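This report refers to the structure that appears directly beneath it.
Remember, it's a predicted structure, so these values are computed and weren't measured experimentally.
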Amino acid sequence: MNFFKRILQNKKQDTSAPSTPKLDDSSAKPSLSHILSEFQDCIDLTHRNYPDIGIDLIYFSHQVDQDKLYREVMHPLLTVQSFEDIPTLLEQSQYSLVTDAKELIIGILSGRVATFFRQDAYLVDVFGLKSRTVQPSETETVITGPHDAFTEQAGINLSLIRQRIKSSHLKVIQLSVGEVTKTNIYLLYIKDIANMDFVNEAITRISNIEVDSVFDTNMLLQFIDDDPYSVFPQFLTSERPEAMASKLVGGRIVGIVDGSPSAFSAPTSFVEYFASSDDYNQRWLLGSASRLLRFVALIITLLFTALYVSVTTYHYEMIPENLLMTLVESRSKVPFPPIFEALFMEVTIELLREAGARLPSKIGQTIGIVGGIVIGQASVQAGLTSNILIIAVASSAIASFVTPAYVMSASIRLLRFGLILLAGIWGNFGIAIGLSAIVIHLSGLTSLNSSYLTPIAPFKPGDWKDLFIIAPFRFLKKRPTQGKPLNKVKNKIRK
């Protein structure tokens with residue numbers, strides 16, 4: 001009993017302990033001395049003093065556009081004729097009066113110039129952080145369609161979206177996450193199309209995040225997932241502006257994280273991760289064939305290696321007689337059970353993939369050649385694996401990269417290991433148990449409180465025109481029902 005009492009006492013003490021200390025939690029009147037005290041020991045802070053006119057400027061020089069700084073702030077100050085002209089200058093539109101010290105600190109950290117005159121403080125927006133130019137996406141390549149991709153600057157990403165949706169109904173809500181990083185999050189939706197229940201739910205979840213730092217979209221999503229313990233992603237992420245623009249038009253919401261080159265959309269469904277922009281940029285028959293191929297690749301990725309283990313361990317009767325002799329001959333030199341043989345090769349493939357992703361591109365290609373040819377052939381000659389297993393593992397590895405969304409591809413690869421273990425223990429019965437568990441889990445999963453298996457479950461026959469195959473555009477008249485759009489009609493074909 002004393003033991004449990006101590007646990008309860010410790011728990012009470014833990015709950016009464018202060019949480020993460022609040023930074024910049026000052027609501028005092030903004031003064032020059034207070035700001036200099038806050039930024040003490042920040043050697044990159046620039047402080048300019050103009051005693052003749054009583055002006056002080058504070059800013060981070062590496063965050064401001066120097067040309068804009070001279071044009072908006074420096075030049076007007078240098079042209080002031082007398083002390084009495086300063087109040088008139090500060091009434092111009094670029095100067096915004098700040099009455100809260102916390103707001104002033106955030107403004108300086110965001111690349112603005114703080115201007116102090118007498119007892120007042122003003123902010124001037126001259127933000128000009130250097131950023132990489134808009135380039136093609138390296139992780140979501142397409143053959144047809146636009147090739148520009150998001151960058152790490154939220155302002156550029158917003159402009160790429162607005163370039164495609166020229167409507168005043170495109171609304172943007174700004175939120176901030178991270179006690180230390182104060183990362184800006186932008187939620188986008190189209191008024192009169194998007195369902196405000198999803199918008200409000202997303203705002204609530206993001207506002208409730210209490211962490212020190214958020215650096216990337218995928219990091220943020222782990223805080224607002226419906227089921228954080230699931231292996232499946234519940235928000236669709238993409239680096240492609242036209243993909244996010246199409247989600248907005250479809251009635252969904254889109255989020256942009258400042259500093260991240262990818263955006264997210266919600267609610268999303270499982271089948272959305274197997275759609276690509278290429279599907280809509282070519283003839284519908286070709287797009288449908290490509291999408292069907294991806295679902296075939298999903299089955300190959302999940303089952304090929306597991307079936308090899310199951311058949312060679314428990315179900316030899318399933319192998320054709322001509323192939324059986326070849327398989328027996330190939331496995332005769334292998335001293336391990338099929339499950340160890342398969343896990344050895346699958347782990348080797350994952351190691352090669354991880355090494356290829358981390359190394360520079362030229363060395364990564366060499367790693368691929370060494371792994372694919374040298375290790376594969378050497379493993380067979382050394383009697384560690386059979387030829388047929390090499391074919392099964394290689395097919396499943398290639399098929400896993402067919403999925404357009406990397407996060408979903410990684411989830412499927414992880415599930416493959418579970419199915420291999422079940423196949424090694426119970427054979428085909430184990431594979432059936434594993435697949436049933438996956439389907440049951442997917443059935444209960446939600447994305448922003450919307451069913452993850454829509455339009456399969458719940459059954460929405462109207463959405464099947466853009467599911468496994470893509471119907472011609474003239475038949476895609478309505479928006480997907482998963483987003484519960486206020487305006488359901490998307491395309492009107494004039495005759």
Side-chain angles (χ1 to χ4, degrees), residues 137 140-149 160-171 188-196 198 236 238-254 263-298 402-405 408 447-448 450-495:
S137 172
E140 296 177 64
T141 55
V142 295
I143 300 171
T144 57
H147 291 268
D148 54 345
L160 290 173
I161 295 285
R162 286 210 177 270
Q163 181 187 7
R164 289 167 170 82
I165 303 178
K166 299 180 179 64
S167 170
S168 60
H169 284 211
L170 175 60
K171 307 299 181 185
L188 286 70
Y189 69 95
I190 298 181
K191 183 183 175 184
D192 298 333
I193 293 180
N195 192 310
M196 291 307 294
F198 292 119
L236 182 69
S238 175
E239 295 182 0
R240 306 197 59 79
E242 90 280 4
M244 290 295 105
S246 70
K247 298 300 177 187
L248 284 168
V249 176
R252 293 180 170 88
I253 63 170
V254 166
F264 69 88
S265 73
T268 188
S269 64
F270 177 72
V271 292
E272 273 189 80
Y273 291 90
F274 300 91
S276 169
S277 300
D278 269 339
D279 300 347
Y280 304 97
N281 296 331
Q282 53 190 342
R283 304 292 297 176
W284 67 275
L285 275 172
L286 299 176
S288 299
S290 299
R291 189 172 294 182
L292 281 176
L293 187 65
R294 291 188 204 110
F295 285 105
V296 173
L298 167 65
V402 174
T403 305
M408 178 57 77
S447 170
L448 218 58
S450 177
S451 174
Y452 197 59
L453 279 186
T454 305
I456 300 172
F459 184 63
K460 303 287 184 183
D463 291 349
W464 280 59
K465 298 173 186 173
D466 188 11
L467 186 62
F468 298 114
I469 63 169
I470 309 168
F473 279 121
R474 62 176 57 249
F475 296 108
L476 300 176
K477 298 179 180 178
K478 294 186 177 180
R479 307 178 202 280
T481 56
Q482 188 184 24
K484 299 177 182 176
L486 301 180
N487 183 354
K488 298 180 180 178
V489 179
K490 182 173 65 174
N491 293 333
K492 294 179 181 177
I493 307 297
R494 293 193 180 97
K495 297 183 179 178

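- Between the side chain of E140 and the backbone N or O of A405 there is no donor-acceptor pair closer than 3.5 Å.
- Not a single donor-acceptor pair under 3.5 Å links the side chain of R164 to the backbone N or O of M244.
- Taking the side chain to side chain contact (heavy atoms under 4.5 Å, CB included) definition, one finds that K171 meets it with Y189, K191, sequence neighbours left out.
- The closest donor-acceptor contact from the side chain of K484 to the backbone of T481 lies at 3.5 Å or more, if one exists at all.
- By the side-chain hydrogen bond (donor to acceptor under 3.5 Å, both in side chains) test, T454 pairs with no residue at all, sequence neighbours left out.
- For D278, the side-chain hydrogen bond (donor to acceptor under 3.5 Å, both in side chains) criterion is met by T144, not counting sequence neighbours.
- Although no hydrogens or angles enter the test, the distance criterion places no donor-acceptor pair under 3.5 Å between the side chain of D463 and the main chain of P455.
- No side-chain donor-acceptor contact under 3.5 Å links R252 to the backbone of A194.
- In this structure, I143 places its CD1 atom where only 12 or fewer heavy-atom neighbours from other residues, nucleotides or ligands lie under 6.0 Å away.
- Judged purely by atom type and a 3.5 angstrom limit, S450 has no side-chain atom pairing as donor or acceptor with the backbone of S447.
- Not a single side-chain hydrogen bond (donor to acceptor under 3.5 Å, both in side chains) links S288 to another residue, sequence neighbours left out.
- For the pair S265 (side chain) and L248 (backbone), a donor-acceptor distance under 3.5 Å is absent.
- F274 pairs by the ring-ring contact (aromatic ring centres under 6.0 Å, His included) definition with F270, F295, not counting sequence neighbours.
- You'll find the side chain of I193 stays beyond 4.5 Å of the side chain of V249, heavy atoms only.
- When the side-chain hydrogen bond (donor to acceptor under 3.5 Å, both in side chains) test is applied to T141, no partner is found at least two apart in sequence or on another chain.
- The closest donor-acceptor contact from the side chain of R294 to the backbone of A275 lies at 3.5 Å or more, if one exists at all.
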